[in-house]
Number of protein chains: 2
Amino acid sequence: MDTSVICPRFESAISLLSQRWTGLIIYQLLSGPQRFSHLTEVIGISGRLLSERLKNLEAQGLVTRTVYPETPVRIEYELTEKGFSLKPVMDEIQNWSQVWVEPSETVETK
Amino acid sequence: MDTSVICPRFESAISLLSQRWTGLIIYQLLSGPQRFSHLTEVIGISGRLLSERLKNLEAQGLVTRTVYPETPVRIEYELTEKGFSLKPVMDEIQNWSQVWVEPSETVETK
DNA sequence: TATAATTGGTTACATAAAGTAACTAAAGAA
DNA sequence: TTCTTTAGTTACTTTATGTAACCAATTATA
């Protein structure tokens, strides 16, 4: 009967982080502005999905996109204040993973 | 070229939280042991997926399943220490959501 | 002795999201 | 004119999720 016990804002935040790749993109951008191709390589995401995710993140005000008309063109993605303020969340996930994730639970060993 | 810059433990942790519903289930269980039917109602997840998620969480040592052979049967799901130690993560998500998620970004208003 | 009610699921099928790989646009360099 | 580089997009396949009907165990009820 009780369908709305969970705080809608929390639900919204966790649905953001529940979307595949989004957390990793934000985490990666915490270390500074980066270009499209660098993100694909480091994260291991396809261009198709990275493009889609970055558009969403931009639309939600978490990321900005800046075009530098050099040659070849350079486009950098950077966290906004809203995006950067997820750092404490990422830090806690990092902390937890250091304590509780065993190497055997890691992708590489699978 | 640089395919493994991101810490594998962090990646593992975030892939856990990136799975749809998993974060909400853990968050909900932070308030104590709960039964299957209660979780479906509160979270708004189908039995099919809740069952699947709880099995995964159990397999990963985040949740325990306890059968009470009453009538009708009562089965309770509860966080382990490993599961409960995600509380700081959830707290930070909560904090962030209170500051940065506007009511208009919420599911209800959509 | 059926019949119903309750919990905790499972099954089968439709839809949506993600993975993969080939392709394109723009713009200067050879 | 053709090549290279970046930043994507398109078309197609595979996987994950949503939906609704169904099932097993156990006790209460008619």
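Worth knowing before you read on, the calculation uses all heavy atoms, side chains too, and leaves out hydrogens, waters and symmetry mates.
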Could you give the [atom1]-to-[atom2] distance, from [X] to [N], as a whole number of Å?
| X | N | atom1 | atom2 | result |
| --- | --- | --- | --- | --- |
| A:Arg53 | C:dG19 | CZ | C1' | 12 Å |
| A:Asn56 | C:dA17 | CG | C1' | 12 Å |
| A:Gln34 | D:dT6 | CD | P | 15 Å |
| A:Leu54 | D:dA7 | CG | P | 11 Å |
| B:Leu50 | C:dG9 | CG | P | 8 Å |
| B:Ile75 | D:dA25 | CD1 | P | 13 Å |

Sugar-phosphate only, base, or nothing, as touched by [X] at under 4.0 Å among non-hydrogen atoms:
| X | answer |
| --- | --- |
| A:Tyr68 | nothing |
| B:Arg20 | sugar-phosphate |
| B:Ser46 | base |
| B:Thr71 | sugar-phosphate |

Between A:Pro72 and A:Leu49, just flag the one whose closest nucleotide in DNA chain C comes earlier from the 5' side.
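Result: A:Leu49.
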Counting only side-chain N and O atoms of A:Trp21, is one of them less than 4.0 Å from OP1 or OP2 of C:dG19?
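Checking A:Trp21 against C:dG19: at least one side-chain N or O falls below 4.0 Å of OP1 or OP2.
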Would you tell me whether B:Gln28 and B:Gln34 have side-chain atoms, one donor and one acceptor, within less than 3.5 Å of each other?
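B:Gln34 and B:Gln28 do have a side-chain donor-acceptor pair below 3.5 Å.
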